[in-house]
Every structure is written in C-alpha cells, then in structure tokens.
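Accompanying notes for the structure given below.
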Amino acid sequence: MATFVDQVTLHLRAGHGGHGCVSVKREKFKPLAGPDGGNGGDGGDIVLVADPQITTLLGYHRAPHRSSDNGMPGQGDHKSGTSGSDLELPVPVGTVVTDASGEQLADLNRPGMRLVVAAGGQGGLGNAALSSTKRRAPGFALLGTPGAEGDITLELKTVADVALVGFPSAGKSSLVAAMSAARPKIADYPFTTLHPNLGVVESGQVRYTIADVPGLIEGASEGKGLGLEFLRHVERCSALLHVIDCATLEPNRDPISDLQVILRELEAYPVPDGQTPLLERQQLIALNKIDVPEARELADFVRPELEAMGYRVFEISTVAHTGLRELSFALAELVEADRAAKSAEPVPERIVLRPKAIDDHGYVVKVEGSHDGPVYRILGAKPERWVAQTDFRNDEAVGYLADRLAKLGTEDALLKAGAVAGATVVIGPGAGIVFDWEPTIASAAELVGNRGTDPRLDRNDRRTTEERRREYHERMDAKQAARDDLRGERDGGVWTDDEGFEVQRWDEQA
C-alpha cells in the first residue's frame with residue numbers, strides 16, 4: 001500500500017449557480033404589487049491552500065474526485081438563494097499546480113498561499129433585478145451558470161534546506177535518523193528508500209530540514225533506478241550533501257568514482273527556469289561508515305584529493321555518531337548564509353494586470369466550413385455566459401438574449417464576417433447553441449409582443465368601482481321594475497302612480 005504520493009491528478013467540479021426566481025407579489029388591495037423574484041446563489045469555488053502540516057498527496061491519490069456545493073435557487077418576496085460553500089483542499093508547501101495541457105498555474109511554495117483552481121458558477125438574476133422602467137413585470141429570470149470542470153495535476157517538490165544524495169545503501173537514511181528525530185526505513189539492501197524522507201535538525205540557534213532521496217546510480221538520467229524520479233525534491237534545497245560509502249564491497253567502486261557518477265547525474269537533471277543548477281549550489285562531502293577500519297583508511301586516503309577538488313570533507317559514522325556534530329554545524333552555516341542572502345533580496349510584489357485591448361470586443365466570430373455551408377461561431381465570455389443563463393422555453397427570455405447580443409454588436413460582426421440571411425450561427429465551443437440568423441430583424445421584440453409584460457401576470461379578476469356602480473344601478477332598476485309589475489297585478493290591471501292616480505301603460509298607448 002502506498003504511503004507517500006508526490007504526484008496526483010485531481011478531477012474537479014465546482015458548484016453550479018442557482019437559478020433566478022420568477023414571482024409577482026400579490027397582497028390585499030394590491031393585485032399586482034410588482035415582481036419580487038430573488039436571485040440565485042453562486043456556486044462554491046475549489047481552492048488549494050498551502051498547509052505546512054500536510055506532507056503528502058496520499059489523500060488525493062485515494063479520492064481524486066472533488067466537488068463543491070451548488071448555489072440555491074432564488075425565491076419569492078425578494079429572497080435570494082444561499083451561495084454554495086467553498087471547498088478548500090490543503091496541499092503540502094512546495095506543490096506545483098499544472099492544468100491538463102501541462103501549463104503551470106501556480107507554485108505554492110509558501111505557507112498560506114491560496115489558488116482558486118475551479119471557480120463556481122454565477123447565480124442567475126430574478127425578475128425583480130431584471131425589472132426597469134421599460135420592463136415593469138418581467139416574466140422570466142436568468143438561469144445559473146455551471147461551475148468549472150476539469151483536471152489538474154499536483155506535483156510535490158519538497159521544501160528542504162539540505163538534500164542528501166548518493167548511491168543506494170550509502171547511509172543517507174541512517175544519517176537522517178542519527179541527526180534528527182525522523183525514523184525512516186533502514187535495511188541492509190539497496191533501494192530501501194522508496195520516497196523522500198524529511199528530518200528537522202537543530203544546531204545551536206539554527207534549525208533546518210534535511211531530506212534524502214532514493215539512491216542514484218549510473219544511468220539514472222536515462223531512467224535507471226528511482227533516484228532521478230525524485231530529484232524534483234532537491235530543486236528547492238540550498239545545499240547538497242554527498243554521502244559516500246567508504247565500506248562498499250562492490251567491485252570497480254571507490255569514493256572518487258562514486259562522486260563523479262553522482263555529479264554527472266545531477267548535471268543531467270534540468271531545473272526549472274530561474275533556479276540555480278544543482279551543481280552550482282553549495283556542496284559538502286560526508287565519507288560515511290568510518291567505524292569500519294578499512295573504510296577509515298580509505299577515507300584518510302581520498303580526503304586530500306577531494307579537498308583539492310574544492311570540497312569540504314567530513315568523516316562520519318552514523319552507527320558510532322562520529323563527526324555528526326561538526327557536520328551539523330557546517331550545514332547550519334551554509335543554511336544560515338543562504339537564508340541571509342535570500343532575506344536581503346527584495347521580495348517582488350505580485351501585481352497582476354490584465355488590461356483590456358483597445359480592439360477587444362469581448363468576443364470573436366470565426367468562420368468554419370461544413371457540408372451544409374459556412375458556420376459562424378461566436379466565442380467569448382459574455383455571449384457564452386448569456387446563452388447559459390437563458391431559458392429557451394420562455395419567449396421573452398429569448399428576446400432578452402437577442403437584445404443583449406444586438407447591443408454587444410454581434411449583428412455588425414456577423415455582417416463583416418460574410419453572414420447572410422439564414423446562415424447558421426453557433427454560440428460557444430463544441431456543439432454550442434445553434435441559431436438561424438435573420439439580419440432583417442433588429443431585435444426580437446417584434447416576436448414576443450409588448451416587452452416587459454406577461455399575459456400570465458396581467459390577469460385581474462377584481463371589478464373596478466365603475467363596474468360595481470353600474471351593476472348596482474342595474475340591479476336596483478330591475479327590482480323597481482319587479483315591484484311595479486306586482487303592484488299592477490294587485491290593482492286589477494289598472495296602473496296607478498305613487499300618488500294613486502290612474503296612468504296608462506306605455507304598451508296601451510302604443
């Protein structure tokens with residue numbers, strides 16, 4: 001079972017935005033008080049956070065699919081939907097983030113650095129936010145946009161001050177265990193170390209970290225062994241410590257030849273732009289296993305030659321703890337000097353400026369060929385977002401989209417691109433949304449009738465005062481006519497007025 005993972009691919013899906021609400025407020029004596037549909041909530045973002053307490057990407061290796069919460073839809077009475085909570089993913093300090101195409105997005109080399117790798121969708125506006133003096137009662141709302149989806153690759157490059165390099169079984173893990181509280185795996189066979197080990201060393205007032213990588217062998221730059229695969233963890237170290245085995249029993253090996261092999265492999269390793277090559281960094285040599293008499297004699301023999309090459313050489317024994325104190329203080333001096341040099345350098349302030357070009361209209365029109373003729377594709381953040389927010393089952397919403405596209409200038413752009421009436425227009429990449437373009441219609445207002453109105457919202461069953469007054473008079477006149485008929489029948493067919501005088505009926509007069 002894997003216990004250390006330094007490279008993993010994450011499959012991310014940010015939260016979708018909530019839809020806007022279509023609602024009209026109705027109260028007593030106010031049959032149509034106005035639109036009150038709330039906005040939808042935004043979807044949650046997915047954020048990477050550099051956390052010094054995290055040392056491996058193992059958790060993401062076991063669960064690579066991550067998603068954040070969706071935004072809630074809006075409601076009536078101006079109630080906006082709640083936004084989805086952001087998903088924070090802690091990663092080790094020193095994690096390099098790249099996208100699916102291999103382009104580097106960020107280098108999280110400092111604690112607390114944050115990077116939004118997947119932005120949540122935008123919540124749609126309700127009809128209350130879409131109302132205006134010309135559109136008093138919108139019968140539509142905007143839909144929420146989907147959140148970003150995609151894959152990213154996390155590559156861990158350990159942040160350590162000193163890196164231990166050398167052949168397999170040279171005693172690098174034993175040196176880490178002897179100088180720090182780390183307890184790496186130690187055995188009497190090569191390639192015991194399968195992943196980098198970190199240890200913290202205190203020398204006087206200086207505290208620094210050391211890391212060992214799997215042993216390098218000749219031909220590592222060509223893919224042999226495991227060491228070159230993990231040399232990415234050496235890129236950030238300020239000093240290198242060559243651990244050389246003086247008690248090896250393998251033929252054709254000696255400290256000088258081992259050092260030359262390691263130097264060739266380090267030279268073949270390409271470092272990122274802007275970083276110091278590995279061979280140009282400060283280097284020390286530790287001749288290990290001098291507790292063996294033959295090893296001590298060999299160390300005394302090769303030490304002058306190594307010093308003549310310009311290296312500081314230390315004879316150590318991880319078993320007897322010989323020479324470790326001197327080596328620890330020497331490494332502390334190198335680390336402290338490197339930290340002082342870095343602190344003297346001014347830290348550049350990160351200012352990201354993305355000015356908009358003068359001729360940038362926010363979209364482009366591309367002409368693509370097909371078996372049915374040319375297809376005009378509109379690509380841009382605004383038109384693609386507007387299409388995603390449109391409910392194509394609502395005529396007024398489609399008309400609103402047409403007006404927005406017309407104000408953006410897509411009509412003129414399509415004419416310049418050579419589009420004619422009936423041409424196929426696609427908005428967005430891939431399949432997109434397909435339209436049959438009709439340039440003779442300046443906007444879609446003619447197709448949907450009076451803009452800003454909706455027959456579903458205009459229904460009013462309450463009678464007006466004038467209607468109630470007219471109905472009252474008609475009812476009173478009918479009652480009076482009925483009383484007159486009853487009075488005529490009671491008087492034997494002789495009609496009298498209110499004062500008792502006989503009158504002639506209008507039908508007899510006729």
Side-chain angles (χ1 to χ4, degrees), residues 7-20 39-51 57 59-74 80-92 95-108 112-125 141-156 350 352-354 356 360-364 366 377-392 401 404-405 408 426-433:
Q7 188 170 0
V8 68
T9 299
L10 293 183
H11 311 283
L12 306 178
R13 187 197 68 81
H16 302 326
H19 299 332
N39 303 331
D42 297 333
D45 300 334
I46 300 180
V47 187
L48 298 180
V49 183
D51 189 350
L57 300 173
Y60 304 118
H61 173 73
R62 294 171 175 170
H65 296 270
R66 300 300 176 102
S67 61
S68 56
D69 296 336
N70 298 327
M72 299 301 294
S80 298
T82 57
S83 298
S85 57
D86 296 341
L87 177 63
E88 295 188 355
L89 303 178
V91 297
T95 301
V96 178
V97 186
T98 56
D99 58 10
S101 62
E103 181 181 358
Q104 180 174 324
L105 302 179
D107 185 0
L108 307 179
M113 292 185 65
R114 302 170 61 89
L115 174 65
V116 179
V117 290
Q122 181 179 348
L125 297 179
L142 299 185
L143 305 179
T145 60
E149 297 186 23
D151 299 341
I152 62 171
T153 300
L154 305 181
E155 183 180 6
L156 174 59
R350 294 187 178 182
V352 180
L353 298 178
R354 295 184 177 90
K356 182 179 179 181
D360 184 10
H361 301 289
Y363 65 95
V364 293
K366 295 184 177 180
R377 186 180 299 274
I378 301 177
L379 300 175
K382 281 187 177 180
E384 292 177 17
R385 185 179 72 249
W386 293 346
V387 167
Q389 292 177 329
T390 302
D391 182 7
F392 289 92
L401 171 64
R404 299 176 84 177
L405 294 175
L408 191 61
V426 182
I427 300 180
I433 302 297

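Keep in mind the model is a prediction, meaning the values are calculated, not measured. When a residue number appears, it is its place in the shown sequence, counting from 1.
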Checklist entry - So, Asn70 side chain and His16 main chain: donor-acceptor pair closer than 3.5 Å or not? => result yes

Item to check | Counterpart residues, side-chain contact (heavy atoms from CB on, under 4.5 Å), relative to Asp86 (two or more places apart) | outcome: Asp45

Checklist entry - Which distance, rounded to the nearest 0.5 Å, do you find between the CG of Leu143 and the CG of Leu125? => result 11.0 Å

Next on the checklist: If we ignore hydrogens and angles and just use 3.5 Å, is the side chain of Arg13 paired with the main-chain N or O of Arg66 as donor and acceptor?
Outcome noted: no

Checklist entry - From Leu156 CG over to Leu57 CG, what is the distance, rounded to the nearest 0.5 angstrom? => result 5.5 Å

Checklist outcome for this item: The reported gap from OH in Tyr60 to CG in Leu89 (rounded to nearest 0.5 angstrom) is 4.5 Å

Next on the checklist: Once rounded to the nearest 0.5 Å, what's the spacing between atom CD1 of Ile378 and atom NZ of Lys366?
Outcome noted: 13.0 Å

Checklist entry - Partners of Glu88 by side-chain hydrogen bond (donor to acceptor under 3.5 Å, both in side chains), sequence neighbours excluded? => result Arg114

Next on the checklist: Among Leu401, Ile427, Thr145, exactly one meets side chain to side chain contact (heavy atoms under 4.5 Å, CB included) together with Trp386. Which residue is that?
Outcome noted: Leu401

Checklist entry - Are side-chain heavy atoms of Leu379 and Pro429 found at a separation under 4.5 Å? => result yes

Next on the checklist: Run the side-chain contact (heavy atoms from CB on, under 4.5 Å) test on Leu48 and Thr95 for me, step by step, so that the C-alpha distance in whole Å, both residues' side-chain angles and the decisive distance to 0.1 Å come before the verdict.
Outcome noted: CA-CA 10 Å; Leu48 298 180; Thr95 301; 6.0 Å; no

Item to check | CG-CD distance between Leu142 and Gln122, expressed to the nearest 0.5 angstrom | outcome: 9.0 Å

Checklist entry - In chain order, what residues pass the salt bridge (Lys or Arg N to Asp or Glu O under 4.0 Å) check against Asp391, with sequence neighbours excluded? => result Arg393

Next on the checklist: If we ignore hydrogens and angles and just use 3.5 Å, is the side chain of Ser68 paired with the main-chain N or O of Gly15 as donor and acceptor?
Outcome noted: yes

